[in-house]
Amino acid sequence: MFDQLTGNARVKGILKRMLVLDRLPGAMLFTGEEGIGKKLFALEIARALNCRTPKDGEACGVCSSCVRIRKLNYPTRDDADEWTQIIWTDHPDVGLVVAPKRVLRVEQMRQIEKEANFRPFEGKARMFLIDEADKLNDASANALLKVLEEPPKTSHLILITARPAMLLPTILSRCQMIRFSPLTPDEIQSHLVKNDIDAKTARLRARAAGGSVGRALSGDLVTFTSQRKAMLKVLNALVLSDDRAQLLRSAEQLNEAQYKEEFEERLDVLETLIRDAWMLSLGVDTSRIVNEDLSAELKEIAQKIDPSRAGDWILQIEDLREQLIVNVNRKVTTDSLFLVMAGDVTAGKRPKVR
Ligand SMILES: [Zn+2]
């Protein structure tokens, strides 16, 4: 029942048509950001294929096959050997492999090849998901190619990735690609409310999640709120008080972010604040901004913000992100970012947009 899944109506339409026409490709590639439901959609297809009482090509959701394909039995310990095996659902024909560490291994692809060649034990089709398909290396990709070339009629493979550009062309050319879109804040919010999160918290989380239900559910709201408070200070110092000392203090705090991930989260937050103030300055309604609950503070900033500078700031933050990829000194670049934003230093890397 695709209507139980959140968002991606276009993808639902495509998949449903394939199921109704009995034209599901043997190999598919699901792409799109983390946490937007790619695996849930894949499991839903496995249910539709194996459901005992399907309706219009879709799974009933209540028969014993549907119930058993609901979840994957992930190993409970991080270091368990089972991570290198196929992780099965409660149904003997539906399983998944995931990279135990940094790469998907050749043995895992061989297991899939072997299993894909068996006829279904119980249902009508076997389904194997390859999660984090971007973690295939040359050897495991080649091992997978064998089964991708000629998947047995009763077996289906779905590769899942947020980074399709990392896959070898030989793999890409053998899979039908299905692109998933980020979810809208409203879609995420209604999903959270369905999962017993109160409306106010759901709204805040939905807006902090940047299109990902996964992030909305797992995100730490306390951290988010404090990151946002710190980044609002930066914007205040840039627009309202022109306070260099505050900017340098903020740069220092930003550098205290222990992990690269957390550092990038803070940049994300700063970007959303800048965009919001920018949008408000252009007369956009507060219901369309990310940080709607801060609309009073942001409106004050919006009155003084120079829209063309706001555009430059976003580019400057993006430049910093690029520099971080090549591992330049984070502290030096962050200090200079805020000074560039304040207009003290000229970056001169990119032409300014107006
Ligand atoms: Zn069913």
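The residues of the chain are indexed from 1 along the displayed sequence. Both counts, for ligands and for their atoms, begin at 1 and track the order of listing.
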Tell me whether Asp134 contacts the main-chain N or O of Ala165 through its side chain, where contact means a donor paired with an acceptor under 3.5 Å.
no
Name all pairs fulfilling the salt bridge (charged side-chain N to carboxylate O under 4.0 Å, His left out) condition that reach into residues 164-189, sequence neighbours left out, sorted by first residue then second.
Glu149-Arg174
Is a donor from one side chain sitting under 3.5 angstrom from an acceptor on the other, for Asn137 and Ser140?
yes
Listed partners of Thr89 passing side chain to side chain contact (heavy atoms under 4.5 Å, CB included), at least two apart:
Leu43, Leu72, His91, Val94
Please state whether the rings of Phe180 and Phe41 are parallel, tilted or perpendicular, taking 30° and 60° as the class boundaries.
perpendicular
What side-chain donor-acceptor pairs closer than 3.5 Å can you find for residues 293-303, not counting sequence neighbours?
{"unit_1": "Asp293", "atom_1": "OD1", "unit_2": "Arg228", "atom_2": "NH1", "d": "3.0"}
{"unit_1": "Asp293", "atom_1": "OD2", "unit_2": "Arg228", "atom_2": "NH2", "d": "2.7"}
{"unit_1": "Ser295", "atom_1": "OG", "unit_2": "Glu292", "atom_2": "O", "d": "3.1"}

Using a cut-off of 2.8 Å, find all protein N, O or S atoms closer to the Zn ion (ligand 1) than that distance.
Cys51 SG, Cys60 SG, Cys63 SG, Cys66 SG
